[in-house]
Structures are given as C-alpha cells and as structure tokens.
Student: 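Have a look at the structure that comes next, please.
When reading the values below, keep in mind they use all heavy atoms of this one structure, side chains included, and skip hydrogens, waters and symmetry mates. Residue numbers begin at 1 in each chain, while the letters A, B, ... track the order of the sequences.
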Number of protein chains: 2
Amino acid sequence: MNFNKLLNEKGLKATPQRLLILNTIKDGGHIDIEKIYEKINKIIPSISIATVYKNLKLLVDKGIIKEVHINSFKTLYEVNTSFHIHLVCKKCKKITDIEVNEKSIFSFFNKLVKEDVKNFDVTGYYICENCKN
Amino acid sequence: MNFNKLLNEKGLKATPQRLLILNTIKDGGHIDIEKIYEKINKIIPSISIATVYKNLKLLVDKGIIKEVHINSFKTLYEVNTSFHIHLVCKKCKKITDIEVNEKSIFSFFNKLVKEDVKNFDVTGYYICENCKN
DNA sequence: CTATATGCAAATAGTTTGCACGGAT
DNA sequence: ATCCGTGCAAACTATTTGCATATAG
C-alpha cells in the first residue's frame, strides 16, 4: 500500500509522523490511540499525542482509515480496505476480519430491511478455538 | 416492563433513581448519558451524575440494559429486549430499531462465517425518507 | 437493623484547542 | 515568503473513586 501517494492524492503532506501512523495502524490491525502513540513514540520520541489525535481525525475524514466501535473496547482504527465483518472472541477479545462477499450480504439485508441501505457494520461474538479449552 | 421486579431478581434495590434511569432509557430509545442525566435532573434535581454513571455500568453488567456503539455517536443505552438491528440515517442521524427474525440472520451468518457465532451487532447506514428531499 | 445506594468533591483519564516554531516548496 | 504540520501547554470534557450520609428491604 503506497501511503505516500494516497496522502498526496487527498491533498495531505506525507510527513514522517503521518506515514508512521498509517503503517502502525496497518500492522496493528485493530489498534487504539494509546497503542499507536506508544509504538510511534519508540521511533519518533518527539511526537506529540496531539499530533496523533489530529491526524487520526483527519485520516478518518479523508476516508483513509476507519474507526471501529466494538462493545467494551476503546475506539479502534483500521486502514480502510475491502468490505469485511469483525469477529470478536468473548474471552480473549481477539478481533478477526472476515472477508465476505459484499453483494451477498447486501442482498440479504436489503431483503430484510426494505430501506436502501448503503453500508453495514457487522460484529459477531464467539469463543475462538484457543479459548474453547 | 416491571423494572421493580427485574431489579430485585438481579439482587439490586429498586431505588427511585434506578427506576427513573431505566424508564428514561426505555422512553428515550437510544439515549446518551448526558440526556439521561438532564431528563432525570428535572424530576430528581438532587441526583448526582456519578450515580448515573455507576448505575449505567451496573445495569449493563447485569444485562438489563445494553450499550450501543455507533460511529460518531457517544455511547448510547437501550433496554435489553428482543433481537434487532439498528438503522442509522446518515443525514439526520435518526436511529431506528428493525426487528428481524433472529433465526434467519443467524443461519445466514453461520453459513458465511463457519465459526459458531453467539450474537451479532448489526448497524446499517442509509438516507431516510425525510432526508431524501 | 444493616447492607446497599446516593451525593459530593476530588482525582483521573481522554480529547481538543491555540499558538509559536519548523520544514518543504 | 508561504503554507501546512508539529509540539507544547492549557483548556475542556468525560469518567471514576472514596467516603460520609441516607434509605430500601
């Protein structure tokens, strides 16, 4: 993923801080601001938490990243890529992305709902294999 | 809905504050703590916001109410009743409950996902009739 | 009566803001 | 020289905690 190019396309400068925020989110999967800041701080110790807040908001506005809201978690961030749903283990809290066929889920819901729904957030809760013991 | 009885069953005292919190949530549909406090404050002006915080947490733990997390909203509360999904108008932000057949949605997802999913949070985004103008 | 719940105030945590400075063009 | 982004500190908002008092059962 070429974040440099992506940022420029959206009219944003590709600063080291921004690139590092994006790569941290990409690597972290579903990560909250505290962990983002911790990780970045090891590489750019001078970074301010305010810069992280400002950029997260900006990147969400531009559609480059997405907020993920799941019960009992703080706000998490993920890079905005293809449609998927989230599975959360009730015990260990691990979050897994499940890629699903977007068309099939939309046709299912649009039968169910009758309103013309543009997009969905879906989170499923389960007990993962590891935790079944 | 007999909140009095429900509270006692869970080992909680049915104080006026608690009953009012529950009725405020029931009437409010999807309501955040600020609005809950405002409404209650008109009826029991002596109530403390700390009491509201403590009770919301307690009632969530006991499964009497549920937190609702939707993009760009503060944490909302609803009384924990039958399975439904949330539709959110992207413009006016109105939230509507859609009662759906729980079995049909579970069988759909369990085909899709293969893990044994216990429950789902589903939120759909659309433009409501009013806002289409 | 006594275990729980409330209300208050203080503490803590989370987030936003304004502004001076710095780096890229 | 100008624009945009950063870092800092202060402000603001949200949430939690401890404790003395009040009250439901």
Side-chain angles (χ1 to χ4, degrees), chain A residues 3-25 30-62 64-65 67-77, chain B residues 2-25 30-62 64-77:
Chain A
F3 288 131
N4 213 302
K5 185 159 165 271
L6 186 55
L7 288 168
N8 287 329
E9 282 168 8
K10 301 280 182 178
L12 302 176
K13 288 187 179 169
T15 63
Q17 289 86 339
R18 249 167 219 171
L19 290 167
L20 196 44
I21 288 170
L22 284 169
N23 280 304
T24 303
I25 295 172
H30 314 86
I31 189 169
D32 64 31
I33 194 177
E34 204 182 322
K35 291 225 179 64
I36 294 170
Y37 177 71
E38 276 173 20
K39 291 195 179 196
I40 290 179
N41 198 47
K42 285 181 186 151
I43 301 167
I44 306 182
S46 65
I47 200 172
S48 160
I49 187 89
T51 298
V52 182
Y53 273 106
K54 284 171 188 169
N55 276 308
L56 289 177
K57 188 174 259 197
L58 192 63
L59 294 168
V60 168
D61 286 349
K62 297 291 184 181
I64 298 173
I65 63 175
E67 292 189 349
V68 179
H69 297 275
I70 296 177
N71 281 334
S72 87
F73 288 87
K74 305 204 310 186
T75 300
L76 304 175
Y77 295 88
Chain B
N2 190 341
F3 288 131
N4 214 301
K5 184 160 164 271
L6 186 54
L7 288 168
N8 288 328
E9 282 168 8
K10 301 280 183 179
L12 302 176
K13 290 183 179 175
T15 63
Q17 289 86 342
R18 244 166 223 171
L19 290 168
L20 196 45
I21 288 170
L22 284 169
N23 281 302
T24 304
I25 295 172
H30 313 86
I31 188 168
D32 64 31
I33 194 176
E34 204 181 323
K35 290 224 181 65
I36 294 169
Y37 177 71
E38 275 174 19
K39 291 195 179 195
I40 290 179
N41 199 47
K42 285 181 186 151
I43 301 166
I44 307 182
S46 65
I47 200 172
S48 160
I49 187 89
T51 298
V52 182
Y53 273 106
K54 285 170 186 166
N55 276 306
L56 289 177
K57 189 175 258 195
L58 192 63
L59 295 168
V60 168
D61 286 349
K62 298 291 183 180
I64 298 173
I65 63 174
K66 279 184 70 176
E67 291 188 348
V68 179
H69 297 274
I70 296 176
N71 282 334
S72 87
F73 288 87
K74 306 204 310 186
T75 299
L76 304 176
Y77 296 87

Student: Looking at N23(B) and L19(B), would you say the former's side chain and the latter's main chain have a donor-acceptor pair under 3.5 Å?
Tutor: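 Side chain of N23(B) to backbone of L19(B), a donor-acceptor pair under 3.5 Å: yes, one is there.
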
Student: Between dG14(C) atom P and Y77(A) atom OH, what is the distance in whole Å?
Tutor: 13 Å

Student: What's the CG-P distance between L19(A) and dG23(C), to the nearest Å?
Tutor: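 L19(A) atom CG is separated from dG23(C) atom P by 17 Å.
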
Student: Flag the pair V60(B) / Y77(B) as yes when at least one side-chain heavy-atom distance between them is below 4.5 Å, and no otherwise.
Tutor: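 Answer yes - side chains close enough.
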
Student: Write down the distance between CG (L56(B)) and P (dA5(C)), rounded to a whole number of angstrom.
Tutor: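 In whole Å, dA5(C) P lies 15 Å from L56(B) CG.
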
Student: Could you tell me whether a side-chain N or O of R18(B) sits under 3.5 Å from a main-chain N or O of K13(B), the two making a donor and an acceptor?
Tutor: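 Yes, because the side chain of R18(B) sits within donor-acceptor range (under 3.5 Å) of the backbone of K13(B).
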
Student: 5'-most contact on DNA chain C: E34(A) or K54(A), nearest heavy atom basis?
Tutor: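 The residue closer to the strand's 5' end, by nearest nucleotide, is E34(A).
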
Student: Would you mind reporting whether I40(A) and Q17(A) have side-chain heavy atoms less than 4.5 Å apart?
Tutor: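 The answer is no, as the side chains (C-beta and beyond) never meet within the 4.5 Å cut-off.
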
Student: Which part of the nucleic acid, if any, lies within reach of T51(B) when heavy atoms closer than 4.0 Å are counted: base, sugar-phosphate only, or nothing?
Tutor: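 If one applies the 4.0 Å heavy-atom cut-off, T51(B) turns out to touch a base.
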
Student: Which atoms form the tightest heavy-atom contact between I21(B) and N55(B), and what is the distance?
Tutor: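 In terms of heavy atoms, the two residues are closest at CD1-CB, 3.7 Å.
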
Student: Using atom CG of N55(B) as one end and atom P of dT4(C) as the other, report the distance to the nearest whole Å.
Tutor: 15 Å

Student: Of all heavy-atom pairs between L12(A) and K62(A), which one has the smallest distance, and what is that distance?
Tutor: CD1-CG, 4.0 Å

Student: Pick the closest DNA chain D nucleotide for A50(A) and for K57(B) by heavy atoms, then say which residue is nearer the 5' end.
Tutor: A50(A)

Student: Whole-Å distance between dT6(C) C1' and L20(B) CG?
Tutor: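 For the pair L20(B) CG and dT6(C) C1', the rounded distance is 14 Å.
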
Student: Separation of K13(A) atom NZ from dG22(C) atom P, in whole Å?
Tutor: 16 Å

Student: How long is the line joining CG of N8(B) and C1' of dA5(C), in whole Å?
Tutor: 14 Å

Student: Nearest whole angstrom, please: distance from the C1' of dT6(C) to the CG of N41(B).
Tutor: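 The answer, rounded to whole Å, is 14 Å.
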
Student: Looking at every strand, decide which applies to I49(A) at a 4.0 Å heavy-atom threshold: base, sugar-phosphate, or nothing.
Tutor: nothing

Student: Give a yes or no on whether the backbone of D32(A) and the side-chain of K74(A) come within a donor-acceptor separation of less than 3.5 Å.
Tutor: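 Not a single qualifying donor-acceptor pair exists.
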
Student: Walking along DNA chain D from 5' to 3', note the first and the last nucleotide with an atom under 4.0 Å from a heavy atom of chain B, and give both.
Tutor: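 So the outermost contacting nucleotides come out as dA14(D) to dG25(D).
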
